[in-house]
There are 2 protein chains.
Amino acid sequence: MSKSNNVYKDAYNRCLRLLDETRSLPSEPELGILLGVSRTTVRSILARMEETGLIAWNKRAKTVLREPGADDFFPEEETDTLAQIIERSFMRRLLAGGAEAGMQINELELAREIGVGTTSVREFLIRFSRFGLIEKRRNSHWVLKGFTRAFALELTEIREIFEMRSAAAFAALPSDSPVWADLDRLEAEHHLLASQIATRFNEFSELDERFHRLIHRASHNRFIVDFYDVIAMIFHYHYQWNKAQERERNEVAVGEHLAYIEALKSRDLGKVDAACRRHLKSARQTLLTSIPESRLPMKS
Amino acid sequence: MSKSNNVYKDAYNRCLRLLDETRSLPSEPELGILLGVSRTTVRSILARMEETGLIAWNKRAKTVLREPGADDFFPEEETDTLAQIIERSFMRRLLAGGAEAGMQINELELAREIGVGTTSVREFLIRFSRFGLIEKRRNSHWVLKGFTRAFALELTEIREIFEMRSAAAFAALPSDSPVWADLDRLEAEHHLLASQIATRFNEFSELDERFHRLIHRASHNRFIVDFYDVIAMIFHYHYQWNKAQERERNEVAVGEHLAYIEALKSRDLGKVDAACRRHLKSARQTLLTSIPESRLPMKS
DNA sequence: TTAATGTCTTTTATCGTGAAAAAACAGTTT
DNA sequence: AAACTGTTTTTTCACGATAAAAGACATTAA
């Protein structure tokens with residue numbers, strides 16, 4: 001097996017959902033843009049839809065024949081990228097404990113264990129290395145640096161520097177900038193979530209990321225924007241891993257975000273500074289408490 | 001051809017230089033540590049040295065028979081890593097002009113042009129992407145963002161934030177920290193270089209990097225330390241590219257470094273701040289003047 | 001009994017290959 | 001003519017294979 005057709009499968013599933021809404025599908029190029037894939041993939045999708053009797057396809061005419069059922073969809077797990085599969089698998093091992101700092105990472109073993117080629121694992125590790133959790137020994141193995149207290153502190157230190165700057169830049173944006181409308185929209189979403197926090201608390205994670213990314217974008221600095229990838233990745237797995245008091249934590253965070261948004265809208269730099277600082281401090285605290293007391297570092 | 005033996009060749013060359021200094025070589029493991037390679041490679045080196053009559057090798061006895069001549073060395077270009085070759089080639093194209101922002105990068109074409117496999121090019125591009133000069137379109141090609149004025153400004157903005165912090169942390173280090181000795185050594189090297197600036201000005205680049213890395217290490221933050229890789233990479237090629245007033249520029253920079261070192265040693269945060277700021281400002285200026293006026297950005 | 005050498009095994013670095021997906025080209029329809 | 005469909009070419013993605021290099025194990029010398 002050379003390359004999985006997950007792009008096709010994922011796009012196919014998304015296309016199925018489109019079928020509910022219309023009587024006939026748009027042109028091939030239009031569908032390509034809609035689904036974010038090439039026309040080649042669109043045509044494969046259409047071909048299968050015709051085969052399974054979902055649509056009648058003749059040149060421009062693509063008429064919907066029936067509503068898609070549950071079996072028409074490809075299984076979720078077949079729509080993931082190899083990179084996603086490897087990352088998930090790797091992070092599970094990393095967070096599941098037994099991953100001592102200083103431990104060496106074996107490409108071949110990882111590849112075999114996950115059931116993929118070594119090239120994909122190598123490429124993943126190279127991409128992943130920018131998160132600061134692993135390091136390469138020249139001409140030799142990778143070394144795990146570990147998800148330690150030190151890591152969390154270094155990460156949050158930079159995060160705080162960057163976010164304070166971005167927040168200040170955000171507040172200084174002219175009032176006709178479109179970001180204010182984005183902020184209003186996010187504020188409304190926060191209010192909505194706050195009112196339904198008891199049942200929807202687990203949706204905060206995604207809102208959190210969108211909110212902070214909006215702020216970081218105001219820095220107009222690619223290094224600051226890109227650094228948020230590190231934070232997002234860590235928080236993503238952290239949220240999945242640490243479910244203790246999740247509801248309470250998220251409720252507090254929503255409140256902090258609302259105060260932060262309020263401060264931004266006031267454009268008062270002092271207030272922005274204070275609100276931002278308060279939120280970042282509690283975010284750091286949350287992250288730190290989830291990290292087990294570090295064992296003694298190994299001799300390298 | 002599957003893998004070049006540049007590790008062996010490079011280590012061989014370095015080992016030849018060792019031959020001048022002694023009558024007999026140390027044990028295999030010791031040599032391995034000295035050269036930074038495995039014993040397997042050491043044995044290949046010894047085998048060849050025996051073959052070419054450089055040494056007599058019998059178990060522990062490795063006696064030098066003759067001084068190595070110029071032809072004993074492997075050609076310099078055969079000792080480079082593939083990664084280095086690709087990087088150089090890529091940077092040449094990037095800096096040689098004709099590399100408009102927005103242009104797409106073709107892995108296959110690059111690989112063919114350099115004469116290497118696509119895997120190596122892919123891995124290079126992934127590693128290189130953290131420098132912020134290129135970006136990947138999902139499931140598709142890479143896009144060149146260009147070595148523009150905006151890039152230089154974003155880079156220097158972060159550099160300045162990080163270095164000011166690191167410098168302050170450095171100055172706060174206890175006097176029994178070994179870094180002060182390192183600083184003294186670097187200061188002496190600066191003085192020496194200053195006195196011979198007319199002929200050795202091109203050696204500044206390397207000294208510059210060592211000096212700044214020493215300071216950044218005081219931050220004890222892997223993200224700050226790692227970020228210096230971006231700066232080092234840019235300055236490395238910048239130094240090679242922009243030879244205008246090289247001597248003058250470096251002479252000024254050496255002076256600034258010496259003032260900066262002086263300030264650090266005084267441990268006076270105000271002085272450190274001022275000296276650091278002055279140097280970073282002129283470094284930014286130097287970088288900016290070397291970038292051609294940016295053309296209008298392309299429509300994406 | 002420690003530390004070296006000699007030998008064998010495992011892992012990394014790199015390539016060529018082939019399927020998936022994108023992109024380019026050519027011919028049609030409106 | 002503009003936008004679409006049909007067809008062909010090119011590029012990306014991922015694999016298995018192989019030489020270089022590292023590492024582990026067994027043996028021998030000091």
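Excluded from the calculations below are hydrogen atoms, water molecules and symmetry mates; all remaining heavy atoms, backbone and side chain alike, are included. Chain identifiers are assigned alphabetically (A, B, ...) following the order of the sequence lines, protein sequences preceding nucleic acid strands; residue numbering begins at 1 within each chain.
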Asks: With sequence neighbours left out, which residue pairs that include part of residues 103-126 of chain A fulfil the ring-ring contact (aromatic ring centres under 6.0 Å, His included) condition?
Replies: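 Residue pairs with at least one partner in residues 103-126 of chain A: A:F90-A:F124, A:F124-A:F128.
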Asks: Examine C:dA4: is either OP1 or OP2 under 4.0 Å from a nitrogen or oxygen in the side chain of B:S27? Give yes or no.
Replies: yes
Asks: Would you mind checking if A:E77 and A:R88 are paired as a salt bridge, meaning a charged N to carboxylate O distance below 4.0 Å?
Replies: no
Asks: Once ring-ring contact (aromatic ring centres under 6.0 Å, His included) is applied, what residue pairs with a partner in residues 23-47 of chain B remain, sequence neighbours excluded?
Replies: none
Asks: Taking OP1 and OP2 of D:dC13, is either one under 4.0 Å from a side-chain nitrogen or oxygen of B:R122?
Replies: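 Indeed, a polar side-chain atom of B:R122 lies that close.
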Asks: Which angle, to the nearest 10 degrees, lies between the helix axes at the two ends of the helix from C:dT1-D:dA30 to C:dT30-D:dA1, each defined by five pairs?
Replies: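 Between the axes fitted at each end of the helix from C:dT1-D:dA30 to C:dT30-D:dA1 lies an angle of 30°.
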Asks: A:D10: which residues meet the side chain to side chain contact (heavy atoms under 4.5 Å, CB included) condition with it, sequence neighbours left out?
Replies: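 With neighbours one apart ignored, the set is A:R14, A:T79.
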Asks: Within the pair B:K62 and C:dT5, is there a side-chain N or O less than 4.0 Å away from OP1 or OP2?
Replies: yes
Asks: So which nucleotide from D:dT5, D:dA19, C:dT11 ends up closest to the side chain of B:S2?
Replies: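 Nucleotide nearest to B:S2's side chain: D:dA19.
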Asks: Protein within reach of the bases, or only the backbone? For nucleotides 20-30 of chain D, mark each nucleotide 5' to 3' as B, S or -, using heavy atoms under 4.0 Å.
Replies: BSBBB----S-
Asks: Check this one for me: any side-chain N or O of A:R112 less than 4.0 Å away from OP1 or OP2 of C:dT11?
Replies: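 Indeed, a polar side-chain atom of A:R112 lies that close.
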Asks: Need to verify one output field. Residue with the more 5' nearest nucleotide on DNA chain D, A:E123 or B:N106?
Replies: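 Final value for this comparison: B:N106.
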Asks: Spell out, as yes or no, whether a donor-acceptor pair under 3.5 Å connects the side chain of B:S219 to the backbone of B:N221.
Replies: yes
Asks: Suppose we screen for ring-ring contact (aromatic ring centres under 6.0 Å, His included). Which residues come up paired with B:F74, at least two apart in sequence or across chains?
Replies: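 Listed in chain order: B:Y8, B:Y12.
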Asks: May I ask you to evaluate whether B:T119 reaches the phosphate of C:dA13, defined as a side-chain N or O under 4.0 Å from OP1 or OP2?
Replies: no
Asks: For A:T81 and B:E109, take the nucleotide of DNA chain D holding the closest heavy atom to each; which residue's nucleotide lies nearer the 5' end?
Replies: B:E109
